[in-house]
Amino acid sequence: MTKEQLILANQREILQTQADLLKIQEQLRQSYEEITLTLKEMQRSQDRLVASQECVRVLLEIKNRRFFAA
C-alpha cells in the first residue's frame, strides 16, 4: 500500500470507529432514560406503599380504640 492508501484506510477506520461510538452513545442515552423512568416508577410505587401502610396503621388504631372502648 502506498502512503496515501494507508492514510485513507486509517481515515475510514477512524470514521467507522466514530460511527460505532455514536451508536454506543445513543444506546447509553436510551438506557439512561429507561433507568430514570424505572426509578421514577419505583419512587411512585414506594410512595403508594407508604400511603397504604399509613392507611392500615390508622385503621388498626381505630379498630383498637373501638375494641378497648367496648
Side-chain angles (χ1 to χ4, degrees):
M1 288 180 109
T2 67
K3 184 177 180 180
E4 290 79 15
Q5 289 173 321
L6 285 173
I7 290 171
L8 288 174
N10 284 338
Q11 287 176 334
R12 278 194 297 275
E13 190 174 332
I14 289 170
L15 288 173
Q16 184 59 51
T17 301
Q18 287 175 330
D20 292 343
L21 288 172
L22 286 173
K23 289 177 191 174
I24 292 169
Q25 183 180 25
E26 178 60 19
Q27 291 170 346
L28 288 171
R29 186 193 61 76
Q30 289 175 0
S31 294
Y32 176 80
E33 287 179 2
E34 291 171 9
I35 290 169
T36 300
L37 288 174
T38 300
L39 288 172
K40 287 178 182 177
E41 290 171 8
M42 289 173 66
Q43 183 62 52
R44 284 193 293 271
S45 293
Q46 185 177 10
D47 292 345
R48 287 192 300 272
L49 176 61
V50 169
S52 295
Q53 288 172 330
E54 181 63 14
C55 288
V56 168
R57 187 192 66 74
V58 169
L59 290 172
L60 286 173
E61 189 176 309
I62 291 169
K63 181 180 175 184
N64 286 335
R65 284 184 192 167
R66 287 183 183 166
F67 176 78
F68 289 114

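Side chains are part of it too, since the values below use all heavy atoms of this structure and drop only hydrogens, waters and symmetry mates.
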Please report, to 0.1 Å, the donor-acceptor pairs under 3.5 Å made by any side chain of residues 54-64, with sequence neighbours excluded.
residue: E54; atom: OE1; partner: R57; partner atom: NE; Å: 3.1
residue: E54; atom: OE2; partner: R57; partner atom: NE; Å: 3.4
residue: E54; atom: OE2; partner: R57; partner atom: NH2; Å: 2.6
residue: R57; atom: NH1; partner: E61; partner atom: OE1; Å: 2.9
residue: E61; atom: OE2; partner: R65; partner atom: NH2; Å: 2.5
residue: N64; atom: ND2; partner: L60; partner atom: O; Å: 3.3

_Distance, nearest 0.5 Å, that separates CG of L49 from CD of Q46_ = 7.5 Å
*Give a yes or no on this: more than 12 heavy atoms of other residues, nucleotides or ligands lie within 6.0 Å of atom CD of Q25.*
no
Donor-acceptor pairs under 3.5 Å, side chain of residues 12-24 to any protein atom, not counting sequence neighbours: which ones?
residue: Q16; atom: NE2; partner: D20; partner atom: OD1; Å: 2.9
residue: T17; atom: OG1; partner: E13; partner atom: O; Å: 2.9

*Quickly, which of E4, Q5, Q11 forms a side-chain contact (heavy atoms from CB on, under 4.5 Å) with I7? Name it, please.*
Q11
*Roughly how far, to the nearest 0.5 Å, is the CG atom of L39 from the CZ atom of R44?*
11.0 Å
_If you count every heavy atom of other residues, nucleotides or ligands that lies below 6.0 Å from M42 atom CE, does the total exceed 12?_
no
_For the CG atom of D47 and the CD atom of Q43, what is their distance to the nearest 0.5 Å?_
4.5 Å
*To the nearest 0.5 Å, tell me how far S31 OG sits from E26 CD.*
9.5 Å
